K.L.:
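Please see the structure below; I have some questions.
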Amino acid sequence: MRRFGVGGFVEAARARVRRAGAAVEAAREAGDAYALAVAADELEDALRLARENGVDMEGERS
């Protein structure tokens with residue numbers, strides 16, 4: 001089993017939130033309602049996972 005340090009998890013969680021946020025913005029700009037719904041769900045899930053694991057997301061979203 002491969003183990004990752006806490007710092008690795010934190011950075012991965014933050015990166016996931018950043019990617020999901022970018023996908024939300026791209027879908028919004030494209031006017032793609034389906035892609036927006038999918039991206040918004042991913043962002044919500046990424047933020048939930050970060051919150052449940054104590055990852056500080058302050059300043060990560062624009």
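A quick note: this is a predicted structure, and the numbers were derived from the prediction, not measured.
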K.L.:
Which heavy-atom pair separates Leu43 from Val17 by the least distance, and what is that distance?
P.N.:
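Heavy atoms only, the tightest pair is CD1-O, 3.8 Å.
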K.L.:
Sequence neighbours excluded, which residues qualify as salt bridge (Lys or Arg N to Asp or Glu O under 4.0 Å) partners of Arg19?
P.N.:
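Salt bridge (Lys or Arg N to Asp or Glu O under 4.0 Å) check on Arg19 returns nothing, list empty.
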K.L.:
For Ala35 and Ala27, work out which heavy atoms get closest and say how close.
P.N.:
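Result for this residue pair: C-CB, 3.7 Å.
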K.L.:
My understanding is that only residues two or more places apart in sequence, or in another chain, count here; which of them pass salt bridge (Lys or Arg N to Asp or Glu O under 4.0 Å) with Asp32?
P.N.:
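Result, salt bridge (Lys or Arg N to Asp or Glu O under 4.0 Å) vs Asp32: none returned.
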K.L.:
Find out if a path of hydrophobic residues (ILVMFWY) with successive side-chain heavy-atom gaps under 4.5 Å connects Val38 to Leu49.
P.N.:
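No; tracing contacts between hydrophobic side chains, which count when under 4.5 Å, never links both residues.
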K.L.:
Give every residue pair that meets the side-chain hydrogen bond (donor to acceptor under 3.5 Å, both in side chains) criterion with at least one member in residues 36-45, sequence neighbours excluded.
P.N.:
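Passing the test, one end in residues 36-45: Arg16-Glu42, Arg16-Asp45, Asp45-Arg48.
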